[in-house]
Amino acid sequence: MERRIFLIATEESGDRLGASLMKVLRQRLGDAVQFEGVGGRAMAREGLDSLFPIEELSIIGLAAVVKELPKILGLIKETAIVVTEASPDILVIIDSPDFTHRVARRVRAKDPRIPIIDYVSPSVWAWRPGRARAMRKYVDHVLALLPFEPEAYRRLHGPPCSYVGHPLTEQLSSLRPNPDEAKRRVESPPVLLVLPGSRRSEIRHHMAVFGQAVGLLQEQGTTFELVLPTMPHLQEAVVEAVKGWPVQPQVVIGEQEKRASFRIAHAALAKSGTVTLELALAGVPMVTAYRTGAVEAWILRRAIKVNSVILANLVIGENVIPEFLQENCTPEKLAATLREVLGDSELRRRQLEAFGKIDGILSTGNQPPSVRAADIVLATMRNARRV
């Protein structure tokens with residue numbers, strides 16, 4: 001009996017999660033499984049013919065979203081219709097809640113028999129906590145990447161939630177140095193990473209202040225080798241932006257080069273986000289910052305319910321990584337704190353001690369996240385009597 005599994009992932013990170021999940025599900029179910037849905041290149045390599053290219057949803061900025069809203073709503077409606085007509089054994093929505101949850105709500109209203117798994121929890125513990133309770137109407141199980149999320153769902157009366165593990169725990173060998181790389185970490189001049197973000201809006205908001213900060217750091221007598229990792233789609237914008245920097249970085253392109261720079265880095269200046277957890281797992285002390293537009297900042301200030309926006313701080317359970325947000329993100333403050341993490345300071349030692357606990361905090365035993373996720377998908381299908 002053929003099993004039909006519908007997956008929806010509209011960003012690259014979700015595409016990678018979806019591909020890993022598909023691989024395990026095919027190992028478990030054999031050739032009898034049929035995958036349908038929306039995904040990118042990684043999921044295509046696992047046999048998914050995407051309903052539409054996910055690049056159609058690569059929309060950045062509030063004004064652009066408003067302009068493209070009819071198109072986005074049309075894709076949501078079309079995707080939900082295709083799901084209900086396909087009547088799959090299960091629907092797995094992966095991250096991108098602004099899109100995937102709207103599809104899921106339509107599917108549940110049209111055909112309540114289709115079980116729905118949400119792979120990657122929206123940040124209900126940080127803002128808009130009422131979403132957790134609302135999700136009970138259209139999500140049967142949440143697969144969490146962060147260990148504190150199941151308790152948050154219990155507290156907020158959301159759907160069942162299980163910690164399956166963060167995909168970064170499967171990539172530790174690419175983040176941690178070999179003996180030669182470890183030696184470079186402590187040699188002079190120290191390697192300082194600058195990580196302004198992976199979206200064009202983040203590049204626009206961070207490049208100037210980051211450049212001024214490293215210029216001030218050099219002016220004040222601190223020596224370092226500057227490396228700026230970025231992705232191919234941002235290369236042109238980054239190269240153009242650093243032309244005005246007082247200190248010229250070595251710009252490295254692509255995921256492999258980025259990870260190689262992590263393995264030799266002594267410290268980093270990074271925008272907030274998943275990269276802070278990558279750096280913490282790599283054992284790289286950091287200073288973090290984030291700037292956004294005035295309207296978005298006003299909304300976020302009133303919505304956020306946590307004491308830190310830094311993912312690594314939230315996982316560790318302690319604010320060991322300094323964060324400079326909006327008007328606090330100044331060259332002077334960034335340079336002063338960077339000087340601390342580059343030197344043998346209490347701040348640097350405290351971060352390194354905290355980073356040593358992360359493996360234990362994120363541990364899932366001997367099971368990789370994709371295997372744990374696949375087990376819950378299959379169990380949900382069985383409970384729905386579709387296997």
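Both backbone and side-chain heavy atoms feed into the values below; hydrogens, waters and symmetry mates do not.
Side chain of D89 to backbone of I5: no donor-acceptor contact under 3.5 angstrom is found. In this structure, T230 contributes its side chain and Q235 its backbone to no donor-acceptor pair below 3.5 Å. A donor-acceptor distance shorter than 3.5 angstrom exists from the side chain of S363 to the backbone of G365, with no hydrogens or angles considered. Checking side-chain atoms of R185 against main-chain N and O of A265 turns up a donor-acceptor pair under 3.5 Å. Listed for the E278 side chain is no donor-acceptor partner under 3.5 Å among the backbone atoms of L175. A donor-acceptor pair is defined here as one N or O able to donate and one able to accept, closer than 3.5 Å; no such pair exists between the side chain of E257 and the backbone of I253. Under the 3.5 Å distance criterion, the side-chain polar atoms of R133 are left unmatched by any main-chain donor or acceptor of L156. A donor-acceptor pair under 3.5 Å is absent between the side-chain atoms of R102 and the main chain of I76, judged by distance alone. Counting only distance, with no hydrogens or angles, the side chain of D15 and the backbone of R41 share a donor-acceptor pair below 3.5 Å. Looking only at distances, no side-chain donor or acceptor of D118 sits under 3.5 Å from a matching main-chain atom of V142.
The two residues A104 and I116 come nearest to each other via the heavy atoms O-CD1, 3.7 Å. Of all non-hydrogen atoms in A267 and L342, the two that sit nearest each other are CB-CD2, 3.8 Å. Nearest heavy-atom pair across A237 and R200 is CB-NH1, 4.0 Å. Across all their heavy atoms, Q351 and P322 have their closest contact at NE2-CD, 3.5 Å. Shown here for H266 and P285, the closest heavy-atom pair between the two residues is O-CD, 3.5 Å. When all heavy atoms of V124 and S121 are compared, the pair lying nearest together is CG2-OG, 4.4 Å.
P196 meets the side-chain contact (heavy atoms from CB on, under 4.5 Å) test with V194, I203, H206, M207, F210, L228; sequence neighbours excluded.
The closest side-chain heavy-atom distance from L75 to L51 is not below 4.5 Å. Taking 4.5 Å as the limit, every side-chain heavy atom of R382 sits out of range of all side-chain heavy atoms of P115. Taking the side chain as every heavy atom from C-beta outward, N313 and E323 approach each other to under 4.5 Å. Considering only heavy atoms from C-beta on, R28 comes within 4.5 Å of D375 through its side chain. Residues T169 and P369 form a side-chain contact, since some pair of their non-hydrogen atoms from C-beta on lies under 4.5 Å apart. Side-chain contact between I72 and D98 is absent, with no heavy-atom pair separated by less than 4.5 Å. Contact of the V38 side chain with the V103 side chain is not registered, since no non-hydrogen atoms from C-beta on lie closer than 4.5 Å. The shortest side-chain heavy-atom distance between S87 and D111 falls under the 4.5 Å cut-off.
The CD1 atom of I316 sits 9.5 Å away from the CG atom of L362 when rounded to the nearest 0.5 Å. Considering CG of L311 and CG of L279, their distance stands at 11.5 Å, rounded to 0.5 Å. Taken to the nearest 0.5 Å, the SG atom of C161 stands 9.5 Å off from the CG atom of L146. For the atom pair M286 CE and R348 CZ, the distance stands at 11.0 Å (nearest 0.5 Å). Of the inter-residue distances, the one linking L281 atom CG with T276 atom OG1 reads 9.5 Å to the nearest 0.5 angstrom. S162 OG to Y153 OH: the interatomic distance, rounded to the nearest 0.5 Å, is 11.5 Å.
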Would you check, one step at a time, whether the test salt bridge (charged side-chain N to carboxylate O under 4.0 Å, His left out) holds for R176 with E181? CA-CA 9 Å; R176 292 178 177 170; E181 290 165 334; over 6 Å; no
Apply side chain to side chain contact (heavy atoms under 4.5 Å, CB included) to the pair L195 and F262, showing each step before the final yes or no. CA-CA 11 Å; L195 297 146; F262 279 32; 4.1 Å; yes
One pair to check against side chain to side chain contact (heavy atoms under 4.5 Å, CB included): L338 and F224. What are the steps and the verdict? CA-CA 11 Å; L338 277 171; F224 51 88; over 6 Å; no
Steps toward salt bridge (charged side-chain N to carboxylate O under 4.0 Å, His left out) verdict (D140, R108): CA-CA 10 Å; D140 297 294; R108 180 51 52 92; 2.8 Å; yes
Could you give me the CA-CA distance, side-chain angles and deciding distance for S96 and T10, then say whether side chain to side chain donor-acceptor pair (under 3.5 Å) is met? CA-CA 7 Å; S96 309; T10 66; 2.8 Å; yes
Could you check E340 against E346 for side chain to side chain contact (heavy atoms under 4.5 Å, CB included), going step by step and ending with a plain yes or no? CA-CA 8 Å; E340 280 192 72; E346 175 61 27; over 6 Å; no
With salt bridge (charged side-chain N to carboxylate O under 4.0 Å, His left out) as the criterion, how do E255 and R16 come out once you've worked through the C-alpha distance, each side chain's angles and the decisive distance to 0.1 Å? CA-CA 13 Å; E255 191 65 28; R16 291 192 294 270; 5.9 Å; no
The test is side chain to side chain contact (heavy atoms under 4.5 Å, CB included); show your working for Y138 and H101 and say whether it passes. CA-CA 8 Å; Y138 59 91; H101 283 229; 2.8 Å; yes
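Checking each of L25, L17, V24 against L21 for a side chain to side chain contact (heavy atoms under 4.5 Å, CB included) leaves exactly one that passes, namely L25.
Taken together through direct or relayed side-chain contacts under 4.5 Å among Ile, Leu, Val, Met, Phe, Trp and Tyr, V227 and W245 form parts of separate hydrophobic clusters. Note: the hydrophobic cluster containing I264 also contains L193 (ILVMFWY, side chain heavy atoms under 4.5 Å, direct or indirect links). Note on V341: it does not cluster hydrophobically with I358, by side-chain heavy-atom contacts below 4.5 Å among ILVMFWY residues. Cluster annotation: I117 and M22 are assigned to the same hydrophobic cluster (Ile/Leu/Val/Met/Phe/Trp/Tyr, side-chain heavy-atom contacts under 4.5 Å, transitive). Hydrophobic cluster membership is shared by M43 and F35, with clusters built from Ile, Leu, Val, Met, Phe, Trp and Tyr side chains linked at under 4.5 angstrom.
Counting non-hydrogen atoms of neighbouring residues, nucleotides and ligands closer than 6.0 angstrom, the CD atom of E187 exceeds 12 such neighbours. Dense packing is recorded around CD of E332, with more than 12 heavy atoms of other residues, nucleotides or ligands lying under 6.0 Å away. At most 12 heavy atoms of other shown residues, nucleotides or ligands fall within 6.0 angstrom of atom CD in E353. Surrounding CZ of R349 are more than 12 heavy atoms belonging to other residues, nucleotides or ligands, all under 6.0 Å away. By the 6.0 Å contact criterion, CG on N178 is enclosed, its count of non-hydrogen atoms from other residues, nucleotides or ligands being greater than 12. The number of heavy-atom neighbours closer than 6.0 Å to CD of Q34, taken from other residues, nucleotides and ligands shown, is above 12.
Through side-chain heavy atoms spaced under 4.5 Å, either directly or across other Ile, Leu, Val, Met, Phe, Trp or Tyr residues, L216 is tied to no other residue.
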